[in-house]
Amino acid sequence: MPSPFKEAIDRGDIESGVSLLAPDVVFHSPVLRKPFHGVERVGPLLAVLWNTWEGFRYTKTIGSSESKTEALLFEAQMLDQSAQGVTLLTWQDGRIEDFTVMVRPFRAARAILQALDLDPERA
């Protein structure tokens with residue numbers, strides 16, 4: 001079965017993607033010192049990230065929402081540079097309870113901090 005999160009993002013429907021987040025979702029990123037907690041914080045964060053990427057597309061899926069763990073590999077443009085990454089999702093009862101994003105190169109990760117308007121020393 002296709003990933004409901006990937007399907008929403010493929011349609012460009014970030015709101016449907018956010019609706020899949022559990023109320024107490026935890027968001028991890030290599031550019032953040034501490035994770036973001038709760039749909040009230042993670043939902044807007046995903047919207048900012050979505051608006052930061054150009055040509056975002058998932059290229060491969062490993063696992064599934066039914067298996068509770070899913071890895072979605074992606075490609076996008078950021079700051080006129082190609083970026084690659086992975087979205088790691090942990091599912092529970094049809095909702096995303098843990099959301100991790102890893103991205104490379106470092107310049108793209110730094111651009112995420114800028115897009116989120118976060119100080120790298122405090123993020």
Side-chain angles (χ1 to χ4, degrees):
M1 180 173 179
S3 168
F5 185 79
K6 179 186 179 303
E7 286 182 332
I9 299 306
D10 286 350
R11 290 191 311 270
D13 186 358
I14 190 66
E15 290 178 14
S16 289
V18 169
S19 75
L20 294 168
L21 300 176
D24 57 350
V25 64
V26 179
F27 179 89
H28 306 271
S29 167
V31 298
L32 302 172
R33 285 185 186 199
K34 296 183 256 176
F36 280 70
H37 293 269
V39 70
E40 304 82 21
R41 294 195 69 209
V42 176
L45 175 100
L46 292 181
V48 169
L49 291 176
W50 176 249
N51 291 320
T52 301
W53 301 104
E54 295 175 30
F56 185 98
R57 67 186 185 94
Y58 283 117
T59 59
K60 186 172 185 176
T61 302
I62 302 168
S64 68
S65 57
E66 292 85 26
S67 70
K68 307 282 190 237
T69 304
E70 183 173 40
L72 303 169
L73 283 63
F74 65 84
E75 295 177 349
Q77 291 289 118
M78 179 179 268
L79 300 176
D80 299 322
Q81 179 175 321
S82 294
Q84 299 84 33
V86 63
T87 302
L88 303 171
L89 304 175
T90 302
W91 293 83
Q92 183 67 40
D93 299 324
R95 298 280 186 188
I96 299 166
E97 64 177 8
D98 196 84
F99 195 118
T100 300
V101 174
M102 305 286 235
V103 64
R104 66 174 208 92
F106 179 72
R107 182 175 179 219
R110 191 173 347 149
I112 291 172
L113 281 175
Q114 292 170 342
L116 297 174
D117 195 27
L118 295 172
D119 178 350
E121 296 301 315
R122 296 179 175 224

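Just so you know, these numbers use all the heavy atoms, side chains as well, and skip hydrogens, waters and symmetry mates.
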Nearest heavy-atom contact between A83 and P105 is CA-CD, 4.1 Å
Might you point out which heavy atoms bring S64 and S67 nearest each other, and give the distance in Å?
O-OG, 2.9 Å
Shortest non-hydrogen contact from I96 toward F5:
CD1-CD1, 3.7 Å
Pairs involving residues 89-109, ordered by first then second residue, that meet salt bridge (charged side-chain N to carboxylate O under 4.0 Å, His left out) (sequence neighbours left out):
none
Between side-chain atoms of residues 44-55 and protein atoms elsewhere (two or more places apart, or another chain), which donor-acceptor pairs fall under 3.5 Å?
{"unit_1": "N51", "atom_1": "ND2", "unit_2": "A47", "atom_2": "O", "d": "3.1"}
{"unit_1": "T52", "atom_1": "OG1", "unit_2": "V48", "atom_2": "O", "d": "2.8"}
{"unit_1": "W53", "atom_1": "NE1", "unit_2": "L49", "atom_2": "O", "d": "3.3"}

Show me the pairs that pass ring pair (Phe, Tyr, Trp, His ring centres under 6.0 Å) and involve residues 10-30, at least two apart or across chains.
F27-F99
For E75, give me all partners under salt bridge (charged side-chain N to carboxylate O under 4.0 Å, His left out), at least two apart in sequence or on another chain.
R57
Other hydrophobic cluster members with F106, side-chain heavy atoms of Ile/Leu/Val/Met/Phe/Trp/Tyr under 4.5 Å, chained?
none
Grouping I, L, V, M, F, W and Y whenever their side-chain heavy atoms are under 4.5 Å apart, do F56 and I14 come out in a common cluster?
yes
hydrophobic_cluster_shared for V103 and Y58, side chain cutoff 4.5 Å:
yes
When clusters are formed from ILVMFWY side-chain contacts under 4.5 Å, directly or step by step, what else is grouped with M102?
I62, L73, V86, L88
Would you check, one step at a time, whether the test side chain to side chain contact (heavy atoms under 4.5 Å, CB included) holds for F74 with T59?
CA-CA 5 Å; F74 65 84; T59 59; 5.8 Å; no
